[in-house]
Amino acid sequence: MPVRYPSPLKPLGSGEVFFMQERYDPAAVESQARSYWQAADAFSVSEDSSRPKYYCLCMFPYPSGRLHMGHVRNYTIGDVLSRFMRKQGYNVLQPMGWDAFGLPAENAAMANGVPPAKWTYDNIAYMKGQLQSLGFALDWKRELATCRPDYYKWNQWMFLRMLEKGIAYKKTGVVNWDPVDQTVLANEQVIDGRGWRTGAPVEKREIPMYYLRITDYSQDLLDALDTLTDWPERVRTMQANWIGRSEGVRLGFPYELEGEKHTLNVFTTRADTLMGVTFCAVAAEHPLATHAAKNDPALAAFVEECKKGTAMEAELAVMEKKGMPTGLFVTHPLTGDQVPVWVGNYVLMTYGEGAVMGVPGHDERDFEFANRYGLPIKQVVEEVATGDWRLATGQNQSGATLASRQQPAASSPFSSTQWQDWYSTKAGFCINSGKYDGLGYQQAIDAIAADLSALGLGQKQVQWRLRDWGISRQRYWGCPIPLIHCPTCGDVPVPDKDLPVVLPEGLVPDGSGNPLNKLPAFYECKCPKCGADARRETDTMDTFVDSSWYFARFASPGNDQAMVDERADYWMPVDQYIGGIEHAILHLLYSRFWTRVMKDLGLLKVSEPFRNLLTQGMVLNDIYSRKTGEGRIQYFNPADVDVQVDAKGTRTGATLRSDGQPVEWEGMRTMSKSKNNGVDPQKLVGEYGADSIRLFMMFKAPPEDTLEWSDDGVEGAARFMRKVWRTVYEFVEGDRRQATGDSKKEESLAVARSLSPVALTDSQRNLRRAAHATLVKVTDDLGRRRIFNTAIAAVMELMNTLAKFEDDSPQGRAIVQETLELVVQMLSPIVPHATHALWQALGHEDSLMDRAWPKPDPQALVQDEIQLVVQVNGKLRSHVTVAATADEATIREAALADAGVQRWMEGKAPKKVIVVKGKLVNVVV
RNA sequence: GCCGGUAUGGCGGAACUGGUAGACGCGACGGACUCAAAAUCCGUUUCUGGCAACAGAGUGUGGGUUCGAUUCCCUCUACCGGCACCA
């Protein structure tokens, strides 16, 4: 018999009746909760200066077709935090949108013959339904898609402002060119140096592109990292390394070529070793290399080989250092010595000036290079001996630092055949360096920089790794760059009144380049300045532009007069940003840059967009495979595999369910199509309900760790949901039997009100304390620690405690009611649907999601007696129970009197007794 | 190669500030209910020795600090992530 309750939907005019089923039926419960929220418009928010705001944002998805488990994890974390903060009294904004431009849509279009726009909009519609089925508290009124003109109009508008301020500019850039398709390829379309469609060797081409001067903000982007104290340390480190500031000296080695005077410019952080230079090395692309290669076929071949090398890869770190002499010499700026110039495969054209000075005595790479090619090695820095530090470094070194050295100096004399770590020390002093002998690192740099400066051959300089952001893409499915090329006026910006430059949506790319180039209706136009025939720019913007400011647009939805408005001042910055670590560098750095530009233009009041960053871990699953006859590897989905275990539960093997034959387990990796180890969220929601999936994802691992998928784990989460449901059902059923009439709700609440905390039995008091202590822990875990697995574990523990509580007295029932109400409230951010129904079942008519988070009753937490651990010599030997208020002497006495303790003391007198109040006693004998 | 991180039962993980190692869950084993199965419930489950009480060992390795170390410091090893041979 179902229990009948007054309908919570009644105020909304539905007239329906709520039944509490004995069996937990997630599909029914979840659709009812969702229709309740929808009818109440529960997730819409607006600006409200009377309440503190909380802007919780998850990285918006690319509409690839369907959600994957990484999305589900990401958005569940965001939803739990949003719902928790809402119950803490915050005005919570949690929006959602679509990062809708990009290459996959063009690839899908080519494969299916469907325009990217249609593919994208279809995917958005499907994925939106998926998100809604998971019960995320998203304000869909603010939904945006970056491929819609009302959004990307403001990309264009901002680009024009940046052009005016000189932040955007034009220069040539190098692209991958497919000579067969006559098109530019993205890096991911180049496979082993060949075009992905044609297989033709890819060429490098220089074409004009537009850049944004992010380097103007290098120092600020670096310095402000220190203010982002709520970002993970490793993300800040990655950003700092990416920006890559290094202080050093830029200096020139003069030389003459064909009667003209030049200097070979290098940058060094170790100007103190300048007197140890025995060669210079330049990159293969360096003009000197090109010049020397003209009359030297062997060198030309080497230069070509270097250019082909898969540069920019970490594997090059272990690559052999190779080089060839150019036959050219430059002059050492201080000694006047002639220094040979080599081409080196380890010198990068993209950093500094594409040339380095070779100091083999004190640089490990140069050392290896010199040894390989028989170049001289000269020691110019000597290690500091302990106690001699004043001699070497002036006052900068602390004695403590040097005293902590493991080895005294001079224990390992300089050898030109065996590299030792101390050769590259900065804590040494110059030798064999003429007038600089005896100077420490900083002193030597200062002196040498001053002398170079006097000669006009060098000065101190700060070098950055960060390069300007090239935003031109020779692609169709992106935001058009709003420029017009006029034969007489040059590059002319599209006037603001003509924005947006709308991207035609019906085109289907065929792989032979940007279809906009074949659409006169798009590119034929008049020059806005002179009115002559002109050509519209057909390049589109990098999609990172779209995602660099979407968070601000969420705060100003629907404004067609401005990019953002004063509503953004209310919501920005984002209080909590959640997403994958893979965006730790580019997306976050571009967003920080873009936000600064918007601030400089007076559009935003903040310069940092994200106050707190949470980088969630990846979702992994088992990989099973089998080698086929042809030596190929076939992958099987874990759902189709049976795992064998031994008596202990250790995995012993796995077989394919369909044929019973063994398959190989390759470990756990990120879910991917290629390894066939994905899990479909939609299937699981249908099977277990959204709440069980949400619960599993939050329980299985802390948010920042990787999460190992397990079907058994999901089953376990579903089991817990059924347990909570059944416990509430049995309680209200029993309640109903006791109640006289059908005025169930009043009865139930009356029971709760009848609780009189002063006159409780021990077991009643214990349950009540457990319930309130759990509330303290869960509040802390969700609020401060942002760790959800331990919060859920604590509630599970409380449910176990509750299961052992058998007390049908009015007071006992009142405490069970209170405990169940706390359980339901604590779980509500994680499993919102089921708790919504259970809250009503417990006799409430208000909406649980808007009910304030409960507060623990201090009285319930009070303990009269506490148990202390007693150790003898640091080993656990006994327990004693003392009054909670007992002083140290009393505790000490109780511990020493304990029989178990005395046994281990073996009649000896205690040497020392350590008492940690509320925790333990340690007796040392 | 460099930078960052991690290492705890059969498995995922807990122990937050140096104070009872293994919470919670999964798996496994045993039992109850059932004609049977599912579901559910109860019990056991770090290892070694012991019928047991109990004892000993134990948080990747080796050392150190401390009355006391999973936690702090040093060494090494393995794995994961990032990268830029960065001059």
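Quantities reported herein were computed from a predicted structural model and do not represent experimental measurements.
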**Value in whole Å for how far the P atom of B:rG5 lies from CZ of A:R236** = 12 Å

**Message:** I'd like to know if A:R784 reaches the base of B:rC16 with its side chain such that a donor and an acceptor end up less than 3.5 angstrom apart.
**Reply:** yes

**Asked** Roughly how far apart, to the nearest Å, are B:rG4 and B:rG10 at atom C1'?
**Response** 31 Å

**Item:** Spacing between A:R234 atom CZ and B:rC80 atom P, to the nearest angstrom
**Value:** 15 Å

**Prompt:** What's the OH-P distance between A:Y24 and B:rU40, to the nearest Å?
**Reply:** 13 Å

**Message:** Using atom C1' in both nucleotides, what's the gap between B:rG50 and B:rA57 to the nearest angstrom?
**Reply:** 15 Å

**Complete:** In this structure, CG of A:D363 is separated from OG1 of A:T268 (nearest 0.5 Å) by 8.5 Å

**Prompt:** When we call it a touch if two heavy atoms are under 4.0 Å apart, what does A:K875 touch: a base, just sugar-phosphate, or nothing?
**Reply:** sugar-phosphate

**Asked** Does a side-chain N-to-carboxylate-O contact under 4.0 Å join A:E233 and A:R236?
**Response** yes

**Message:** Over all strands shown, is A:V916 touching base, sugar-phosphate only, or nothing at heavy-atom distances under 4.0 angstrom?
**Reply:** base

**Request:** Mind checking A:R719 for me? I need base, sugar-phosphate or nothing, with any heavy atom below 4.0 Å counting as a touch.
**Result:** sugar-phosphate

**Request:** Please state how far atom CG in A:N800 lies from atom P in B:rG43, giving the value in whole angstrom units.
**Result:** 10 Å

**Item:** salt_bridge(A:E353, A:R250) N-O dist < 4.0 Å
**Value:** yes

**Prompt:** Checking all strands, does A:W464 fall into the base, sugar-phosphate, or nothing category for heavy-atom contacts under 4.0 angstrom?
**Reply:** nothing

**Item:** Nearest-Å distance for atom pair CG/P, residues A:L876 and B:rG56
**Value:** 11 Å

**Asked** Across the strands shown, which category fits A:N789 at heavy-atom distances under 4.0 angstrom: base, sugar-phosphate, nothing?
**Response** sugar-phosphate

**Asked** Counting only Watson-Crick or G-U wobble pairs whose two distances fall under 3.5 Å, which nucleotide matches B:rU40?
**Response** B:rA32

**For B:rC11, the Watson-Crick or wobble partner whose two distances fall under 3.5 Å** = B:rG25

**Nearest-angstrom distance from the residue atom CD of A:E708 to C1' of B:rG10** = 14 Å

**Request:** Could you tell me whether A:R877 contacts a base, only the sugar-phosphate backbone, or nothing, with contacts defined as non-hydrogen atoms closer than 4.0 Å?
**Result:** sugar-phosphate

**Prompt:** When syn is taken as a glycosidic angle within 90 degrees of 0, is B:rG10 syn or anti?
**Reply:** anti

**Request:** Searching all strands shown, indicate the nucleotide that pairs with B:rC54 (Watson-Crick or G-U wobble; both distances under 3.5 Å).
**Result:** B:rG49

**Message:** A quick test of your reading: do over 12 heavy atoms of other residues, nucleotides or ligands sit less than 6.0 Å from CZ of A:R669?
**Reply:** no

**Asked** Using the P atom in both, what is the distance from B:rU48 to B:rC11, to the nearest Å?
**Response** 15 Å

**Prompt:** When only distance counts, do a donor and an acceptor, one from the side chain of A:N922 and one from the base of B:rC67, lie under 3.5 Å apart?
**Reply:** yes

**Complement of B:rC2, any strand, by Watson-Crick or G-U distances under 3.5 angstrom** = B:rG82

**Request:** Step through the shown structure and confirm whether more than 12 heavy atoms of other residues, nucleotides or ligands are within 6.0 Å of CD on A:Q867.
**Result:** yes

**Message:** With a 3.5 Å limit on both atom pairs, tell me what B:rU17 is paired to, counting Watson-Crick and G-U wobble, or say none.
**Reply:** none

